[in-house]
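Chain letters run A, B, ... following the sequence lines, proteins first, then strands; residues in each count from 1.
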Amino acid sequence: GAGVSQSPSNKVTEKGKDVELRCDPISGHTALYWYRQRLGQGLEFLIYFQGNSAPDKSGLPSDRFSAERTGESVSTLTIQRTQQEDSAVYLCASSLQTGNQPQHFGDGTRLSIL
Amino acid sequence: QQPVQSPQAVILREGEDAVINCSSSKALYSVHWYRQKHGEAPVFLMILLKGGEQKGHEKISASFNEKKQQSSLYLTASQLSYSGTYFCGTEGRGSTLGRLYFGRGTQLTVWP
């Protein structure tokens, strides 16, 4: 596609439920990143994938968070047993490769935990 | 690891200049600058790699002092369209290459 596509754009769910967020990167981009942005805050790094290398999971805040990527295409971020503090906008970005490359962001998924 | 941005907010009249600073406590490989308008995705402005490097985008330019681990974004003759939140993202070397740490942002408001 022309840009990074994320779905759903909004998700409201009850505390304790699992949610799955999807990211479709720009075609040909080997690197894919997930960030969390709380209201009025900066972007918090969560995880990134580069080609077939093991993902850098160092930013995942707890074991309730996990992410997968199929080859160099779609990625899903899963949050299990959601908590109210998980409420945020989750942004996905992709770049041609890792390191010294501009990151192109999707519009994000706004997650609200009731 | 999060860089420190200053100031937190800037209010300008159209045509005025502004400087936004970004500093890190870690050795840096590169500094990225992004602008985010309310409710929208961040948009890439520029990357600076080498110490002393300067780049420009429209009337927005930036510098990177590798030794001081600092970068500054210069907005000259500001336009209404420059309003938004500016984030710097810093990238370290070695095992952290590829991982961007963003500052808390500088909110820029330009009035006519």
Side-chain angles (χ1 to χ4, degrees), chain A residues 1-7 9-10 23-26 29-51 53-61 67 69 88-110, chain B residues 1-9 20 22-24 26-51 53 55 57 62 64 66 71 84-107:
Chain A
V4 177
S5 176
Q6 290 188 245
S7 61
S9 54
N10 284 284
C23 173
D24 203 340
I26 294 172
H29 281 194
T30 63
L32 186 148
Y33 312 81
W34 284 98
Y35 296 91
R36 178 170 69 181
Q37 187 174 32
R38 292 195 165 111
L39 188 63
Q41 302 294 312
L43 287 77
E44 178 187 358
F45 168 79
L46 297 178
I47 185 172
Y48 86 82
F49 299 86
Q50 168 59 54
S53 302
D56 179 345
K57 304 180 181 179
S58 60
L60 293 178
R69 187 181 186 194
V89 175
Y90 289 82
L91 289 160
C92 174
S94 70
S95 63
L96 275 172
Q97 60 189 42
T98 302
N100 136 40
Q101 294 288 325
Q103 295 186 15
H104 302 270
F105 285 83
D107 288 334
T109 294
R110 183 174 299 277
Chain B
Q1 306 251 29
Q2 183 181 41
V4 176
Q5 281 187 240
S6 63
Q8 290 185 340
I20 300 171
C22 174
S23 64
S24 172
K26 302 285 184 180
L28 299 177
Y29 175 69
S30 70
V31 177
H32 299 219
W33 285 96
Y34 293 80
R35 177 172 61 208
Q36 185 178 33
K37 293 186 181 283
H38 184 69
E40 298 180 8
V43 173
F44 170 77
L45 294 176
M46 62 192 82
I47 293 177
L48 299 108
L49 284 180
K50 300 176 185 176
E53 184 176 28
K55 283 195 172 180
H57 171 83
F64 176 29
E66 193 175 6
S71 178
T85 302
Y86 289 78
F87 293 98
C88 69
T90 56
E91 183 178 20
R93 296 180 179 275
S95 62
T96 63
L97 188 67
R99 204 186 297 165
L100 272 187
Y101 292 99
F102 284 90
R104 295 171 70 98
T106 296
Q107 188 171 354

Visitor: Using atom types as modelled and distance alone, determine if a side-chain donor or acceptor of A:Ser94 lies under 3.5 Å from a backbone N or O of A:Leu32.
Guide: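 Absent.
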
Visitor: Give the ring-plane orientation class for B:Phe44 versus A:His104, where under 30° counts as parallel, over 60° as perpendicular and anything between as tilted.
Guide: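 Ring orientation, 0 to 90° scale: tilted.
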
Visitor: Knowing that exactly one of A:Tyr35, A:Trp34, A:Tyr33 qualifies, which makes a ring pair (Phe, Tyr, Trp, His ring centres under 6.0 Å) with A:Tyr48?
Guide: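 The option that passes is A:Tyr33.
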
Visitor: Against chain B, label A:Asp107 side chain, backbone, both or neither, depending on which of its atoms sit under 4.5 Å from a heavy atom there.
Guide: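 It is both, since atoms from each part get that close.
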
Visitor: For the interface with chain A, which of B:Gly105, B:Gly89, B:Pro42 has the highest count of heavy-atom pairs at distances below 4.5 Å?
Guide: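 If we count pairs closer than 4.5 Å to chain A, B:Pro42 comes out on top.
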
Visitor: Among A:Gln41, A:Arg110, A:Glu44, A:Gln50, which has the most heavy-atom pairs under 4.5 Å with chain B?
Guide: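 So the answer, after comparing A:Gln41, A:Arg110, A:Glu44, A:Gln50, is A:Gln41.
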
Visitor: Should the pair B:Tyr34 and A:Phe105 be assigned to parallel (<30°), tilted (30 to 60°) or perpendicular (>60°) ring geometry?
Guide: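 Perpendicular, since the angle between the ring planes exceeds 60°.
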
Visitor: Examine whether an atom of A:Ser95 lies under 4.5 Å from a heavy atom of chain B, and if so say whether it belongs to the side chain, the backbone or both; otherwise answer neither.
Guide: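 The answer is neither part of A:Ser95.
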
Visitor: Tell me, side chain or backbone of A:Gln37 under 4.5 Å from chain B's heavy atoms, or both, or neither?
Guide: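 The side chain, not the backbone.
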
Visitor: Under 4.5 Å from any heavy atom of chain A, what part of B:Gln107 do you find: side chain, backbone, both or neither?
Guide: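 For B:Gln107, no heavy atom lies under 4.5 Å from chain A.
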
Visitor: Between A:Ser9 (side chain) and A:Thr109 (backbone), is there a donor-acceptor pair under 3.5 Å?
Guide: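 Looks like no, no N/O pair under 3.5 Å.
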
Visitor: Side chain, backbone, both or neither: which part of A:Leu91 has a heavy atom under 4.5 Å from chain B?
Guide: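 Side chain only.
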
Visitor: Applying side-chain contact (heavy atoms from CB on, under 4.5 Å) between B:His32 and each of B:Leu48, B:Ile47, B:Thr90, report the one that passes.
Guide: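 With B:His32 as partner, B:Leu48, B:Ile47, B:Thr90 yield a single side-chain contact (heavy atoms from CB on, under 4.5 Å), made by B:Ile47.
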
Visitor: With a 4.5 angstrom heavy-atom cut-off, which part of B:Glu91 approaches chain A: side chain, backbone, both or neither?
Guide: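 Side chain of B:Glu91 only, per the 4.5 Å heavy-atom cut-off to chain A.
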
